[in-house]
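Below is one structure, written out as structure tokens; the observations come after it.
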Amino acid sequence: MSRQVYLAGKLVPAEQATVSVFDHGLLYGDGVFEGLRSYGGKVFRLAEHVDRLYESALAICLKIPLSRDEMAAAINETVAANEIKDGYIRAVVTRGSGTLGLDPNRCSNPQIIIIADAIKLYPQEYYDNGLELITSSVIRNHPAALSPRIKSLNYLNNILAKIEGMKAGCIETLMLNHKGEVAECTGDNIFLVRHGKILTPSLDAGILEGVTRNAVIELAAAAGIEVRECAITQHDVYIANECFLTGTAAEIVPVVKVDDRVIGDGRPGAVTRQLTEQFHELVRA
Ligand code: PMP
């Protein structure tokens with residue numbers, strides 16, 4: 001069966017799913033996107049992802065030519081057409097094809113693209129033994145330049161941070177914000193555990209409001225674990241008992257070393273393991 005991509009309102013074979021070289025998503029990164037997961041053919045927290053997509057679009061004055069329900073239906077249709085059970089879905093909305101100038105008013109129609117694919121997880125050893133991070137010299141976007149709350153097609157600063165991390169042998173990289181506080185990683189949110197309490201940067205640290213982050217906060221609250229959304233420094237990371245990352249593709253992944261410093265006892269911690277089990281139950285439900 002050939003892969004089907006949703007493009008311009010219909011499913012087309014992947015080989016025929018092409019966009020114009022004049023699309024401002026390509027020329028200027030003018031667009032927004034979402035990464036979603038399906039478990040057993042059902043998209044996890046679809047409504048939350050669709051809401052975030054529309055909020056990102058609203059923030060860049062991009063009117064998506066589908067209702068939220070129609071977008072959710074198009075995502076489900078793409079998952080079903082590709083017979084994806086446990087998969088990854090990418091929904092992209094670009095400003096559309098225009099002229100060689102910034103003016104978005106010269107773009108004809110926003111372009112909606114939905115791709116459903118197999119999921120590529122981090123290698124199992126990272127879940128078993130934890131991963132190592134460095135702090136990047138590249139900071140997260142200044143919220144007054146481009147709000148990190150917007151999941152836009154401009155990921156270059158995160159990509160530069162990722163390149164820096166990969167050169168140091170790390171597959172994820174910690175990013176600080178413009179105030180020097182801990183923000184998030186290049187594609188994952190960060191959590192710490194200290195004295196049994198969970199700490200995570202608040203949204204005003206200039207981070208993406210992760211769907212997985214929100215699910216983990218709910219799971220922790222339901223398990224009676226206190227969660228504090230607050231300003232976090234590198235010092236807090238270095239003295240944490242546990243550290244883990246959350247993201248749609250990564251789910252929950254333990255971190256055992258940051259900037260060559262061992263976190264806690266250097267093994268994935270008990271709270272991280274408990275939340276991981278709860279998360280697996282949640283996505284299977
Ligand atoms: N932060 C950034 C910068 C991201 O790109 C992502 C998504 N890959 C996340 C955090 C995690 O968000 P979610 O749990 O919604 O995937």
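Every heavy atom of this structure was used, including side-chain atoms; hydrogens, water molecules and symmetry mates were not. Note that ligands are numbered from 1 as they come in the structure, with each ligand's atoms numbered from 1 the same way. Please read all numbers here as calculations on a predicted model, not as lab measurements.
Looking from atom 16 (O) of ligand 1 to the surrounding protein, the closest heavy atom is T248 OG1, 2.6 Å. Atom 14 (O) of ligand 1 has T212 OG1, 2.6 Å as its closest protein atom, hydrogens excluded (heavy atom only). Nearest protein heavy-atom neighbour of atom 1 (N) of ligand 1: E184 OE1, 2.6 Å. What sits closest to atom 12 (O) of ligand 1 on the protein, heavy atoms only, is G210 CA, 3.4 Å.
Remark: ligand 1 and Y155 share an N or O pair separated by less than 3.5 Å (distance only, no angle test). By the 3.5 Å distance cut-off applied to N or O atoms, T246 is not counted among the residues near ligand 1. Residue contacts with ligand 1: E209 is placed with no nitrogen or oxygen under 3.5 Å of a nitrogen or oxygen of the ligand (distance criterion only). Between G35 and ligand 1, no N or O atom pair is found at a separation short of 3.5 Å. At least one N or O atom of K151, backbone or side chain, sits closer than 3.5 Å to an N or O atom of ligand 1.
In this structure, D86 does not pair ionically with R37, as no charged nitrogen and carboxylate oxygen lie closer than 4.0 Å. Between E48 and R68 no salt bridge is recorded (no basic side-chain N to carboxylate O distance below 4.0 Å). We find that E164 and K162 are not joined by a salt bridge, their nearest charged nitrogen and carboxylate oxygen being 4.0 Å or further apart. At a threshold of 4.0 Å, the pair R140-E184 counts as salt-bridged, since one of the basic side-chain nitrogens sits closer than that to a carboxylate oxygen.
Between the side chains of S20 and D23, not a single donor N or O lies within less than 3.5 Å of an accepting N or O. Side-chain contact check for E125 and N129: no donor-acceptor pair (N or O, by modelled atom type) lies under 3.5 Å. Between the side chains of T272 and E242, at least one donor N or O sits under 3.5 Å from an acceptor N or O.
At least one heavy atom of T186 sits under 4.0 Å from some atom of ligand 1.
Stacking of R261 on the aromatic ring of Y238 is recorded, both the 6.0 Å distance cut-off and the 45° axial limit being met.
With distances taken over non-hydrogen atoms, the option nearest atom 8 (N) of ligand 1 out of G187, A161, A215 is G187. Between the choices V211, N189, N157, the shortest heavy-atom distance to atom 11 (C) of ligand 1 belongs to N189.
Within the 4.0 Å heavy-atom criterion, the part of R140 lying near ligand 1 is the side chain and not the backbone. Contacts of D188 with ligand 1, taken as heavy-atom pairs under 4.0 Å, involve the backbone alone.
In this structure, F244 has its ring center at least 6.0 angstrom away from the ring center of Y127.
Shown in contact with G247 at under 4.0 Å from a heavy atom are these atoms of ligand 1, numbered in order with element: 11 (C), 14 (O), 16 (O). Close approach to N158 involves these atoms of ligand 1, each under 4.0 Å from a residue heavy atom: 3 (C).
Clustering ILVMFWY residues whenever any of their side-chain heavy atoms sit less than 4.5 angstrom apart, transitively, puts L245 in the very cluster that holds L176.
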